Amino acid sequence: MKYASVIVDVPSMQTDRSFDYKIPEEWQGFLTPGMRVVVPFGPRKIQGFVVETKEHSDFKRLKSITECLDLTPCLTKELLQVGHWLTEKTLCFKISAFQAMLPAAMKAKYEKVLSLTQDEHLLNISDQLKPFFQKQSQVDFKEIEQVVSLKTIQKDIENGYVELIYKVKQKGNKKRIKMINLNVSFSELEDKMNNIPVNAKKQLEVLQYFKDNEVKTITLQDLLAATNVSDASVKALIAKEILSEKYQEVYRDPYQDREFKKTNALLLNHEQQQAIKPILSSIEENEHHVFLMYGVTGSGKTEVYLQSIEEVLKNGKEAIVLVPEISLTPQMVNRFKGRFGSKVAVLHSGLSTGEKYDEWRKIQRKEVQLVVGARSAIFAPFENLGMIIIDEEHESSYKQEENPRYHARDVAIYRARNHRCPVVLGSATPTLESFARAQKGVYKLLSLKERVNKRSMPAVDIVDMREELRNGNRSMFSTSLIEKLTERLEKGEQSVLFLNKRGYSSFVMCRDCGFVIQCPHCDISLTYHRFGQQLKCHYCGHEEHMPNVCPECQSEHIRFFGTGTQRVEEELVKVLPESRIIRMDVDTTGKKGAHEKLLTKFGNKEADILLGTQMIAKGLDFPDVTLVGVLTADTMLHLPDFRASEKTFQLLTQVSGRAGRHELPGEVIIQTYTPEHYSIQLASQYDYDAFYEQEMFLRKSHAYPPYYYLTLITISHPEITKVVAVTEKIVQYLNRNLSNTTKILGPVASPIPRIKDRYRYQCMVKYKRENNLHETLRKIIDHFQQEMSSDDLAITIDLSPNTMM
DNA sequence: AGCACGCCGACT
DNA sequence: GTCGGCGTGCTC
């Protein structure tokens, strides 16, 4: 093949197509689709993906590919196809789709350097440039640009004294370590050792090490540690050619210090057996099915996953397991590593760029057969997929909230169809979408209704906080919660307190005039941070100092409201001074590994109460936790989000599951200001089916998913008139081009009408069937393309928004 | 996204 | 008459 079609790394409408290049002769026959290359593009050099190789090209003045970055394609044939599908499905650029499928380390980094064409030209260049080139012939262009005018530089470029060089680099790199090798046989070694000068004691020591341990190769690091010599002695021996050094590529192993106890398959109970049967037969028959495994917390879903995976691996195939965010649940990693050992790669956001890259390469090189990871692990470059599992299927983090706005569930089903293998979606509180599909028979429903230990779910007590207030209790803890906490302290059992902070942060308000301090750039109230008495905006990062008096009325009664974990902790210490508390929030878990450390500490019973936000809702399993308290169950209910009830139900169910998982029976207390709300009531009764019925009824009457599909179009611009005008035009266009059963809502201001000094308007499309939708949306983007690039107009389209925000 | 090209107003 | 503003269009 002489020519290659390349998708270039320029995310824009006009370059969202392939460009043809000549393949240099030495790479013909070797260069294949899915490889990354560096190509000349205009005056610069950029990265690109080969999507096709061919014998002919219609384009006349072809340039040649500059560099090939991969020895084997980093995108398999299948993933290339998945990329094209993603582009269509989410209306993103092809390059964005490809990049989303690879670890960030493989994304290109661009550098511009100014370089002397010849050393002698140092005398000729302008005086302003001279100081830069005294010691080096290449200088980072950014440094020069700040000091020297572009015109001066341009002149010297024209004169041919200097040139601009565009460099393409990778963000991450392979890690290499120095290996030290013994060049002589052990019999010769004795001889050599006698020839070492007597004053070179350290060198002798090094050789003695090789002799004693009978090793020929060791890492430099280990050698130095074992012998307590400096690398100077090693270098000397290398110079004498007794030793040699070489670099070897190694993987960074984020779990290297951890031991995983090998576990064996547990005996499945009757329900689990019934559930695993159809999955196994789907694996055996090579048939694509989607299973919804609806199992209450503690029903042993994971064991079913593990045994299904075992079958897949036995058949010589590979499996992907998606989990919400496993850096948060080391217990989950342990279970997979424990069962499958080194066959597992782990991919999650807690890893560094380099670590993720290494785990990814293990997959690419077929060194592992199983991936456990967060959302993007769905793109693992396996070629022989036997199963995909999505645990906690209802988690909203499976949807990416930036381009490409894909849902991992959709990708999973698409890939599984390609490989003719099963998808297993597991949850105790499935999304309405999935459960409805299971009811219709699109997915196959597998139910696990009993808990493995036969324990009943912990009893849930709903406390009406309005009542507490009427009885004169103005604290954030109800009388009953304090009672139960005290009881646990006395018995030496543990408690978990959960603060639902979403959509409800500590804002600052004046008690006299009611003025709330807002961000000057966004229409959102600022959040109070105790650290440094700062007020911060969560959307644009704006910071200001907490004022002493109200900016409106100069009153001194300006306070922060709302409840942060810090405040809860302070209050708690006042009420229960003898309790030992661990607080988990962004502040205390900022550092890498801090999260796990705190949990271990809690597990070792070094604290009585674990206090935290969302992050403690998932996957915690401590035998001595017998009380779970939810401080404010309803904060989320009042968000402008059609999934608010569903999310509340899911969260409460999940949190309740943290209590009494082992021998000791558990108890749950839910504090709320709306105790009558069905999602709170039904969560307390663990009645998913009733919740499903009720919520489906409401979704139907308000035309929301799963009855209707949604598409959210958000328009933003610094001027409000412009935003309104564009949104109106878009709504008109949609009305003219979409079918009349489709509902088009808008234009309306977005729930947050201004972010970073940009006004935001939106339009929601609700439809059941709309063949024209993608085409129509493409046309809208095309139409506004110029204004988007030149006039700072932004249009974002989300084809299955999780919320209305 | 960059970058060159080109057309217009403001200045030596 | 030249310099520099940024609107327009191209990149294999």
Side-chain angles (χ1 to χ4, degrees), chain A residues 1-25 27-28 31-69 87 91-100 104 106-115 126 140-146 148-158 162-171 402-404 717-719 722 781-796:
Chain A
M1 297 289 178
K2 287 182 179 149
Y3 306 106
S5 295
V6 174
I7 302 288
V8 293
D9 182 15
V10 182
S12 82
M13 196 89 241
Q14 299 151 82
T15 50
D16 191 33
R17 60 187 177 89
S18 64
F19 290 82
D20 287 354
Y21 287 89
K22 262 190 277 192
I23 305 175
E25 230 161 86
W27 294 333
Q28 287 182 16
L31 197 78
T32 39
M35 286 182 178
R36 291 170 307 149
V37 288
V38 174
V39 291
F41 197 65
R44 58 209 169 115
K45 285 196 168 63
I46 54 171
Q47 200 183 79
F49 289 87
V50 176
V51 287
E52 198 192 344
T53 53
K54 48 195 185 182
E55 288 295 350
H56 301 283
S57 170
D58 296 333
F59 199 81
K60 294 283 174 292
R61 300 178 308 282
L62 287 174
K63 292 184 184 174
S64 280
I65 291 174
T66 310
E67 203 182 326
C68 180
L69 295 172
T87 308
L91 293 176
C92 71
F93 302 130
K94 289 186 178 68
I95 189 69
S96 314
F98 291 149
Q99 274 167 354
M106 293 171 78
K107 217 179 141 181
K109 230 173 46 180
Y110 299 101
E111 253 173 41
K112 259 198 304 189
V113 293
L114 201 61
S115 170
S126 78
D140 188 2
F141 189 71
K142 266 189 227 138
E143 284 176 38
I144 296 186
E145 202 180 18
Q146 285 168 3
V148 187
S149 77
L150 285 171
K151 228 177 109 186
T152 321
I153 303 171
Q154 204 169 29
K155 224 167 236 163
D156 279 345
I157 291 177
E158 273 167 27
V162 292
E163 61 181 337
L164 251 185
I165 298 179
Y166 296 85
K167 291 194 172 176
V168 183
K169 286 189 174 165
Q170 254 193 50
K171 270 195 176 159
E402 61 200 54
N403 275 330
H717 191 272
E719 284 160 45
K722 176 86 187 171
I781 299 175
D782 277 348
H783 181 263
F784 288 103
Q785 189 205 309
Q786 297 100 312
E787 284 171 85
M788 286 166 76
S789 57
S790 63
D791 194 27
D792 212 8
L793 177 73
I795 301 175
T796 52

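As the structure is a computational prediction, the values presented were derived from the model and not from experiment. Below, chain A is the first sequence line, B the second, and so on; all start at residue 1.
For the pair A:Q785 CD and C:dT8 P, the computed distance is 12 Å after rounding to whole Å. If you take CD1 of A:I46 and P of C:dC10, they are 17 Å apart, rounded to a whole angstrom. Distance A:D16 CG to C:dG9 P: 19 Å, rounded to the nearest Å. Protein atom CD of A:Q154 is 10 Å distant from nucleotide atom C1' of B:dA4, rounded to whole Å. The distance from atom CZ of A:R61 to atom P of C:dC12 is 9 Å, rounded to the nearest whole Å. At whole-Å resolution of the value, CD in A:E787 and P in C:dC6 are 19 Å apart. Rounded to whole angstrom, the span from the CZ atom of A:F41 across to the P atom of B:dA4 amounts to 14 Å. Taking atom CD1 of A:I157 as the reference point, atom C1' of B:dC3 lies 13 Å away to the nearest angstrom.
Heavy atoms only, all atoms of each residue included: A:Y3 and A:E55 are closest at CE1-O, 3.1 Å.
Taking only side-chain nitrogens and oxygens, A:K151 comes nearer than 4.0 Å to OP1 or OP2 of C:dG4. For B:dC3, one of the phosphate oxygens OP1 or OP2 lies less than 4.0 angstrom from a side-chain nitrogen or oxygen of A:Y166. A:K45 has no side-chain polar atom (N or O) that falls below the 4.0 Å cut-off from OP1 or OP2 of C:dC12.
Within 4.0 Å (heavy atoms only), A:Q786 reaches no atom of the nucleic acid at all. Residue contacts for A:T15: at a heavy-atom cut-off of 4.0 Å it reaches a base atom on one of the strands shown.
Separating the OG1 atom in A:T87 from the CD1 atom in A:I95 is a distance of 10.0 Å, to the nearest 0.5 Å. Within the model, atoms OH of A:Y21 and CZ of A:F59 stand 9.5 Å from one another, a figure rounded to the nearest 0.5 Å. Atom-to-atom distance recorded for A:M788:CE and A:I795:CD1 is 5.0 Å, nearest 0.5 angstrom. To the nearest 0.5 Å, the span separating OG1 on A:T15 from CZ on A:F41 amounts to 6.0 Å.
Closest to the A:R44 side chain, of the nucleotides B:dC3, C:dC12, B:dA1, is B:dA1. Of the candidate nucleotides C:dT11, B:dC3, B:dG2, C:dT11 has the atom lying nearest to any side-chain atom of A:K63. The listed nucleotides are C:dG4, B:dA1, C:dC12; the one nearest the side chain of A:F59 is C:dC12.
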